[in-house]
Amino acid sequence: MKIATWNVNSLRVRLPHLLDWLAARAPDVVCLQETKCEDATFPAAELRSAGYCALHHGQRSYNGVAILSRSEPRVACRGIPAFADEQSRVIAADVDGVRVVSVYVPNGQSVGSDKYGYKLRWFEALAAWLATELAAHPNLAVLGDFNVAPEDRDVHDPLAWEGKIHVSEPEREALRRVVAVGFADAFRLFEQPEKSFTWWDYRMGAFRRKMGLRIDLALLSPALAGACRSCTIDLAPRKLERPSDHAPVLCELALG
DNA sequence: ATGGTAGAAACTCTA
């Protein structure tokens, strides 16, 4: 199974890139974030024509997450159960014996802001829920935009970013508590190039200057981590005209 | 020096 995650920053705008990318990489499952559309305007027919089923948890203008799959998925939930959230940030589904979760963690805006508090509370709810999910589903994959760079090597300039949003210690601790539920960061299961990032600001030519962060992650349960054969960041779509500010991350799983 | 760009939507917010 090839499973991927991509923050597309508007599915409507990025649909041509997504369709080209699906044809080029042929993933079996794709977690999307920031679809920025309501369910009524989700391009299900275009994706179906490309060979993909889709489940969407949409929202007007902001957020929105989806799971695309070649096999028919069975929806598990939209949102974190028992966590009231007006924002569409989680969808989970069962696909070919794997429970797949697409997550869009709150950005947090700036350290100490109201949105930062919401981000930390959101992470806490995610960790509590995933503990119960992992207990019930040995094949569990949680992919998405976590809006936290786990370590300094995931940051182009750790000194410049020190203490800032995406990097602050409370955010990293919150992410560690999610990982400590029992996941592996799939990217770090393998030797990787230095300065591997998944997001670059649109401004100041950040992508060209390799000024990025690795904030899009694939967290795998022990069973799936043992089956993981590769995890790579695909820079090609970020080089196109009018790209998403995020690159897709792709994992290959050897499932029996 | 607090800039710059992009998306959605509606003259501003979010990232």
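Chain naming here is simple, since letters A, B, ... match the order of the sequence lines and numbering starts at 1 in each.
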Using whole Å, what does the distance between atom [atom2] of nucleotide [N] and atom [atom1] of [X] come to?
X      : N      : atom1 : atom2 : result
A:W199 : B:dA6  : CH2   : P     : 13 Å
A:D145 : B:dT14 : CG    : C1'   : 13 Å
A:W200 : B:dA15 : CH2   : P     : 20 Å
A:I165 : B:dA15 : CD1   : C1'   : 11 Å
A:F146 : B:dA15 : CZ    : P     : 17 Å
A:L15  : B:dG7  : CG    : P     : 14 Å
A:E241 : B:dA6  : CD    : P     : 10 Å
A:K119 : B:dT14 : NZ    : C1'   : 13 Å

Pairwise 5' ranking along DNA chain B for A:E34 and A:M204, keeping only the more 5' one: A:M204

When you match A:Y202 and A:K115 each to their closest nucleotide on DNA chain B, which lands nearer the 5' end? A:Y202

Taking the cut-offs as 6.0 angstrom to the six-membered ring centre and 45 degrees off its axis, would you call A:R177 and A:F123 a cation-pi pair? no

Pick base, sugar-phosphate or nothing for A:Y104, based on heavy-atom distances below 4.0 Å to the nucleic acid. sugar-phosphate

Output yes when A:E171 and A:K164 qualify as a salt bridge under the 4.0 Å nitrogen-oxygen rule, no when they do not. no

Under-4.0 Å side-chain N/O to phosphate OP1/OP2 contact, A:R242 with B:dT5: no

Just N and O in the side chain of A:R203: are any of them under 4.0 Å from OP1 or OP2 of B:dA15? no

Span that lies between the C1' atom of B:dA1 and that of B:dT12, in whole angstrom: 24 Å

In whole Å, what separates the P atom of B:dA9 from that of B:dT5? 22 Å

What's the closest nucleotide to the A:R89 side chain, out of B:dA10, B:dA15, B:dG7? B:dA15

Classify the ring geometry between A:F83 and A:W122 as parallel (under 30°), tilted (30 to 60°) or perpendicular (over 60°). perpendicular

Mind checking whether A:V179 and A:V105 sit in one hydrophobic cluster, side chains of I, L, V, M, F, W, Y counted as touching below 4.5 Å? yes

Under 3.5 Å, is there a donor-acceptor pair linking the side chains of A:N9 and A:Y202? yes

